[in-house]
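Proteins come first, then strands; the chains are lettered A, B, ... in the order of their sequence lines, and each starts at number 1. The shown structure was predicted, so the numbers you read here are calculated from the model rather than taken from an experiment.
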Amino acid sequence: MTPVHPPPAPGRELSNPPTEGISNLRFSNHSDHLLVSSWDKTVRLYDASADSLRGEFMHGGPVLDCCFHDDSSGFSASADNTVRRIVFSHGKEDILGRHDAPVRCIEYSYAAGQVITGSWDKTLKCWDPRGASGQEKTLVGTYPQPERVYSLSLVGNRLVVATAGRHVNVYDLRNMSQPEQRRESSLKYQTRCVICYPNGTGYALSSVEGRVAMEFFDLSEASQAKKYAFKCHRKSEAGRDIVYPVNAIAFHPVYGTFATGGCDGFVNVWDGNNKKRLYQYSKYPTSIAALSFSRDGRLLAVASSYTFEEGDKPHEPDAIFVRSVNEIEVKPKPKVYPNPPA
Amino acid sequence: MSTTKNDPLVQVETTCGTLLYELQIIWDEVGETDADRDKMLLELERECLEVYRRKVDEANHCRAQLRRTIADSEAELAAICSAMGERPVHIRQSDQNAGSLKEELSKILPQLEEMKKRKIERRNQFLEVLEQMQKITNAIYGSSLSISSKTVVDETDLSLRKLEDLHRQLHELQKEKSDRLKQVQDYLNTLNSLCSVLGMDFKLTVNEIHPSLGDPEGFRSISDNTIEQLATLIKKLREIKIQRIQRLKDLATTMLELWNLMDTPTEEQQMFQNVTRNVAASEHEIIEPNTLSVDFINYVEAEVSRLEQLKSSKMKELVLKKSLELEEICRKTHLLPDPECAVEDAIEAIESGFADAATILEQIELLIAKVKEEALSRKEILEKVEKWLMACDEECWLEEYNRDENRYNAGKGAHLTLKRAEKARALVNKLPGMVEALASKTMAWEKEREIEFLYDGIRLLAMLGEYTILRQEKEQERRMLRDQKKLKGQLIAEQESLYGSKPSPSKPQSVKKGPRYSTGGYSQTRPTKKNERMQNDHLNHRHDDDTTFSAFRRGLDIVDTPVRKHSSTPRAVNAIEPESPLLSRKPFSPITSAVSLKSNTTNMLEVEDNGEKSHKMLHPNNDLSYTSPLKTISLVDEENRTPKVMPFPCTPLTVSVPMQTAMTPAPIPFAITKPVEETEQSFEERRLAFLLSKTQITASRVILTGL
């Protein structure tokens, strides 16, 4: 049993990490800048390739999500019910508007030029960030959801909303009056994360019970036959599985393969088409809270940060690792070896 | 006026009268006769008439002269006017006959003068235009026609219309000239670029056609001949260019292939970037100076031939390297390299030019891929073989050790040896199971592939069979020995019962218990996750373990292990592997575990890959404190229940089952969604609630302390 590969290093750890739980991190679409939201009430902007902290933006409450607008500004969703716009150069944040409860997730749609937020007040809101500040001017619409919103994902004009109670609503951004599809999660347990395939044909959904479902938008029988779910982030102990929540999914922008991160501290890379695991990175100090590939897929940011799955307890310090991704780790392998004629 | 005119007449009359009177007086004095007097007077009268007549004739002649002059002038004037295409103005005046002839003449003469002047001017204009036309025509049609340089102006038609006509012709000629100039310039430009691309001297080339063309400033030949020559030259050069482009493209393609083949460094490639860049360029896109010069092409050619040479030597190297790689893989996977593709043969073949290095390389690469594939299929078994061989080694060592009479002498490092012996025993006990498992796996493999599993050229099953026989023999021997010993003991006992003095009771009885206890404890005291994981790695061996333990119980001839050794083990282990103190937890764990610990993260997949494992084995002491939140625990329970109901592949590798089946129907109604509607909370919600309660407490505390 000689080891095939030496366990790879976890990647470079960024200095000045957030001081409390990391809620999300995202790479910019234009550079290697990394936007990180945290429970320590800040949003931080890093230059991942230079390992430098470019900015820190204080909020009124824990920040539950953040996203880029362009390289000079971004948006954040805070537990103090506010949706904010952050202009990095000025260190200025203005409030786009408010929900009636903490804002859980935020996305910016380049297609619609709108910010979409999901909140525990059981609504989805769309905002036009170009409008002058002030809720009445920026708010485009409020769309009631069956339950508290837990996760959002966008691809093109499609918006997938996952809420408590395992509801999944699929919207067309051009017609938000009602969901295009109302679904129930294929998984039996609480949804942790939903994310659309980069090719726009479906979405992956992970649950607190170590499982990921691969779903397709197309409702035809042929397409629906392709959907499947698989177990992951489990540990077999004494013949029993210990299951861990799957907190994060990130698709590789080039190969369409994806990484999952769980409370077991592992990051796995999967080839969804061939239903194969491509790689497992060595264990991180604590739960994987968030994952993001850089725009060219060469870097993977990993937030190793306790996600409160077992309540208040001592845990490893929060850390952000930026690892450079080897092609072999993310490139789909051909199913069979070419059989050469001798 | 009339008076002044009459005066001389009057005077003449008076003088005539006085003269006549004087003559009468004379005559009276003389006394001439009347007849004479009449005769004289008649004569006088006749003479006077004569004078008059002459004067009248003279005047008449003069008048005729004048008339003719006027008529001539008029005629000339009319001619000029008609030549110049103008209407004569004075003709009407002459019709009217306004004044005397002299007046008329005096009027006509200045007009005539004027017209003559104008005519000369007009003529000069004509001359000028014609001359220019001549010049241009000469330029265009060549100097051969320039004999008619002295142009003749048609005096009869100097009209403005004609002049205009000529002007128009001139203009046309000028236009043609400029057109031609432009064309020549165009040709020259084209030529220039062609020359520069082809690396030829532009001036030299152009001078051959016409010396004037090389001069950028001065007059340029624009004759038909020149233009024609230019056109042909351009055509010729373009043909040359296309030829050279083809040549260069061929070279560039070869070069690219060679680079690709040999992984030429980029710096080296950089130098020829301008060549390879043009591979796909069309003819008109190649405009960089000298890219097609003879020198440059030769230069590129030299580089290509250099690369070719390099390639032939590199190829050999590459073949060597690849075949070494192949050998290495074969060695690692204990495959015998295919004798057909011996490196020496290949090299020889290349050197003799018998075979193309590229095809051989390709063959080797194919072989490597094949061997790799085979290696992958063999990997699992090979790992087991490795373990088995290691265990065999340990067995040999143990045998030797057991033969050592002084093995319990407390010397330096004795505790380490003891420890090793302990481990070795455990391992040896697992051996039969291991061999059996390996054999069955190998058989399955062989059945699947319908070829023999060869390990370094020897069939593995044969090896295993041999080993089993050997082992059986050994066991038999051992049993025999033991029987002998027992017999001997009985003999001694019998003797001693007769003669007294009984030796101490044999140890094995008591000692056998020791290991049994520890084995029992082994399965229960597994408190760390890591150990757990290691155990998982050896799931396949768990079964073996069981057999091992039973073997223990069966009481194989395992040498005693005093209890005190147990107490010393943890220290010993710590001394050996201080970096993994966890190992101390399981003194009987297989030796390989240290290795497997390292590899476990990466090999996990393969292990999982084994498919059906002992997942279903229930262990009573599931430490629930490891599992995450409340809900997850319940999941765990259910998770464990599910497979019992309906086992299904649990690794993503094998999940080809549609989700409906993956969603195993839970035996108990799902406990979360409905009844717990109120309490379903995500981690974040719980966290926030916790945070708020904490801040409230601190806030109230602040208030309290403030109060």
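When heavy atoms are compared at a cutoff of 4.5 Å, B/Leu691 approaches chain A solely by way of its side chain, counted from C-beta outward. Contacts between B/Glu685 and chain A at a heavy-atom distance below 4.5 Å involve backbone atoms as well as side-chain atoms. For chain B, the nearby part of A/Asn247 is the side chain; its heavy atoms alone come within less than 4.5 Å.
Taking B/Arg687 as the reference, nothing meets the side chain to side chain donor-acceptor pair (under 3.5 Å) condition, with sequence neighbours excluded. A/Ser207 pairs by the side chain to side chain contact (heavy atoms under 4.5 Å, CB included) definition with A/Leu187, A/Tyr189, A/Glu209, A/Arg211, not counting sequence neighbours.
Rounding to the nearest 0.5 Å gives a distance of 8.0 Å between CG of A/Leu152 and OG1 of A/Thr117. Separating the CD atom in A/Glu147 from the CH2 atom in A/Trp120 is a distance of 12.5 Å, to the nearest 0.5 Å.
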